[in-house]
S.K.: 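Mind looking over this structure? Questions follow.
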Amino acid sequence: MGRVSGRSCIVTGAARGIGRAIGEALLDEGALVCFADINGDQARSVAAANSERAERNGGRATWADVDVTSRDAVRAMIEKTVAEFGRLDVKFNNAGVNKPMNFLDVTEDNWNFVMGVNGLGCLIGMQEAARQMIAQGGGGKIVNTASIASRQGFDNVAPYCASKWAVVSLTQSGARDLAKHDITVTGFAPGVVATEMWEQVDEDLMRIGASAKPGEAMEAFSADILRGRVATPADITGTTTFLASRDSDYMTGQIVMIDGGMTLV
Ligand code: NAD
């Protein structure tokens, strides 16, 4: 019996990268998982590719096309999941974006884009998940994706850092407000994880003159990782399944660092 057997979970940003890995790890332990993403076609393919895995473990996989900054779309994603799985137990607010710019060049558009998805998207995701959990009688778990950029301000990615600090404060505010409904709110903070997001960030950092050749920025950024290497999504999922399971029931308002020892906070 898996740690999350029979639990109905939504993971946003699950068409690839960390979100996909979170969803697949939940399926490995018997959960019912909605893979949700703004790239709906890819989310559908990921759900289809995982249908056997889900069946093997007594769970199910579905998908949703969602822009996490749209409250209507978030509500529709939750309604679809509840229609298929009967309820919502765990909501991962994982969708995120980054668009590096030199500090002095950061524009309102850059700020609004990054804060919109990472900050407002997290708030809306928490609110709408909590409304569903309260409507079904209370109880549930909300898990937010923070970052090492939630703990330190890095140059060239100022809006991203601000948005990920926002994720920490939303986790704390939500934990305080939702405790009376038996809903816990936690988060986890990866360091450098080898995903397409980092490939894009690496390219962007070259474009703005912050690095000279492919891979250089990632290598420089990762030089001080105590565990001696960057993470893969699989390094993250032991913790995320724990945060979705009853084993973490007495935790709320906390962020778990999973960064291989980059930031000791
Ligand atoms: P990724 O770019 O590989 O995947 C992100 C997914 O989110 C994509 O599938 C994308 O389509 C989706 N998405 C983007 N905007 C969306 C929106 N408005 N609505 C719904 N879906 C949207 O990124 P990743 O590396 O897997 O990152 C996942 C999360 O982890 C993000 O919140 C990111 O900030 C965070 N994180 C990543 C790293 C890292 O090193 N990769 C480190 C710390 C934190």
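Please read all numbers here as calculations on a predicted model, not as lab measurements. When a ligand or atom number is given, it counts from 1 through the structure's own listing order.
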S.K.: Just by distance, do the side chain of Asp235 and the backbone of Thr232 share a donor-acceptor pair under 3.5 Å?
M.R.: yes
S.K.: Nearest protein heavy atom to atom 7 (O) of ligand 1, by residue and atom, and its distance?
M.R.: Gly13 CA, 3.4 Å
S.K.: For ligand 1, which atoms sit closer than 4.0 Å to a heavy atom of Ala146?
M.R.: 44 (C)
S.K.: As an exercise, identify every atom of ligand 1 less than 4.0 angstrom from a heavy atom of Val66.
M.R.: 19 (N), 20 (C)
S.K.: Is there a donor-acceptor pair closer than 3.5 Å between any side-chain N or O of Gln200 and the backbone N or O of Glu196?
M.R.: no
S.K.: Starting from atom 15 (N) of ligand 1, locate the nearest protein heavy atom and write down its residue, its atom name and how far away it is, to 0.1 Å.
M.R.: Val97 CG1, 3.7 Å
S.K.: For atom 13 (N) of ligand 1, which of the options Asn144, Ile38, Thr69, Val11 provides the nearest non-hydrogen atom?
M.R.: Ile38
S.K.: Without swapping roles, check the side chain of Lys80 against the backbone of Trp63 for a donor-acceptor pair under 3.5 Å.
M.R.: yes
S.K.: Is there a donor-acceptor contact under 3.5 Å linking the side chains of Ser248 and Lys141?
M.R.: yes
S.K.: With a 4.0 Å cut-off on heavy atoms, is Ala231 in contact with ligand 1?
M.R.: no
S.K.: Show your reasoning for whether side-chain hydrogen bond (donor to acceptor under 3.5 Å, both in side chains) applies to Asp89 and Ser8.
M.R.: CA-CA 5 Å; Asp89 298 307; Ser8 166; 5.0 Å; no
S.K.: Please test Ile10 against Leu88 for side chain to side chain contact (heavy atoms under 4.5 Å, CB included), starting from the C-alpha separation and ending with a verdict.
M.R.: CA-CA 8 Å; Ile10 296 175; Leu88 175 64; 3.7 Å; yes
S.K.: Evaluate side-chain hydrogen bond (donor to acceptor under 3.5 Å, both in side chains) for Thr62 paired with Glu84, printing each intermediate quantity in order.
M.R.: CA-CA 8 Å; Thr62 190; Glu84 292 187 44; 2.9 Å; yes
S.K.: For residues Thr12 and Asn94, is any side-chain donor paired with an opposing acceptor at under 3.5 Å?
M.R.: no
S.K.: Looking only at distances, please establish whether an N/O atom of ligand 1 is found under 3.5 Å from an N/O atom of Pro190.
M.R.: no
S.K.: Within the 4.0 Å heavy-atom shell around Gly191, which atoms of ligand 1 are there?
M.R.: 40 (O), 42 (C), 43 (C)
S.K.: Relative to atom 5 (C) of ligand 1, which among Cys122, Gly17, Ser70, Gly96 owns the nearest non-hydrogen atom?
M.R.: Gly96
S.K.: Should one rank Met197, Arg20, Met77 by closest heavy-atom distance to atom 23 (O) of ligand 1, which comes out on top?
M.R.: Met197
S.K.: Please tell me whether Arg87 and Gln132 have a donor and an acceptor in their side chains that are separated by less than 3.5 angstrom.
M.R.: no
S.K.: Which residue and atom name correspond to the protein heavy atom nearest atom 31 (C) of ligand 1, and how close is it?
M.R.: Asn94 O, 3.2 Å
S.K.: Considering only the protein, which heavy-atom contact is closest to atom 40 (O) of ligand 1, and what is its distance?
M.R.: Val193 N, 2.8 Å
S.K.: With no hydrogens and no angle check, is any side-chain donor or acceptor of Ser70 less than 3.5 Å from a backbone partner on Asp67?
M.R.: no
S.K.: Report the part of Ala189 (side chain from C-beta onward, or backbone N, CA, C, O) that has a heavy atom under 4.0 Å from ligand 1; answer both or neither where that applies.
M.R.: neither
S.K.: Using heavy atoms and a threshold below 4.0 Å, how should the contact between Lys164 and ligand 1 be classified: side chain, backbone, both, or neither?
M.R.: side chain
S.K.: Does an N or O anywhere in Gly19 fall below 3.5 Å from an N or O of ligand 1?
M.R.: no
S.K.: Can you find a non-hydrogen atom of Ala21 under 4.0 Å from ligand 1?
M.R.: no
S.K.: If you have a sec, work out which protein heavy atom is nearest atom 25 (O) of ligand 1 and how many Å separate them, to one decimal?
M.R.: Thr195 OG1, 2.6 Å
S.K.: With heavy atoms only and a cut-off of under 4.0 Å, state how Val192 meets ligand 1: side chain, backbone, both or neither.
M.R.: backbone
S.K.: Is it true that a side-chain atom of Asp259 and a backbone atom of Gly191 form a donor plus acceptor pair closer than 3.5 Å?
M.R.: no
S.K.: Answer with side chain, backbone, both or neither: which part of Thr12 has a heavy atom less than 4.0 angstrom from an atom of ligand 1?
M.R.: neither
S.K.: side-chain hydrogen bond (donor to acceptor under 3.5 Å, both in side chains) for Glu29 and Asn57? Distances and angles first, verdict last.
M.R.: CA-CA 7 Å; Glu29 299 213 33; Asn57 297 296; over 6 Å; no
S.K.: Considering non-hydrogen atoms of the protein only, which is the closest contact for atom 19 (N) of ligand 1, and what is the distance?
M.R.: Val68 N, 3.0 Å
S.K.: Looking at atom 26 (O) of ligand 1, what's its closest protein heavy atom, distance included?
M.R.: Ile18 N, 2.8 Å
S.K.: Which residue owns the protein heavy atom closest to atom 3 (O) of ligand 1, what's the atom, and how far is it?
M.R.: Arg16 NE, 3.0 Å
S.K.: Indicate, with yes or no, if the rings of Phe154 and Tyr160 have centres closer together than 6.0 Å.
M.R.: no
S.K.: Within ligand 1, which atoms have a heavy atom of Thr145 less than 4.0 Å away?
M.R.: 29 (C), 30 (O), 32 (O), 35 (C)
S.K.: Do Ser173 side-chain atoms and Leu170 backbone N/O form a donor-acceptor pair below 3.5 Å?
M.R.: no
S.K.: Does any N or O atom in Ser147 lie less than 3.5 angstrom from one in ligand 1, N or O only?
M.R.: no
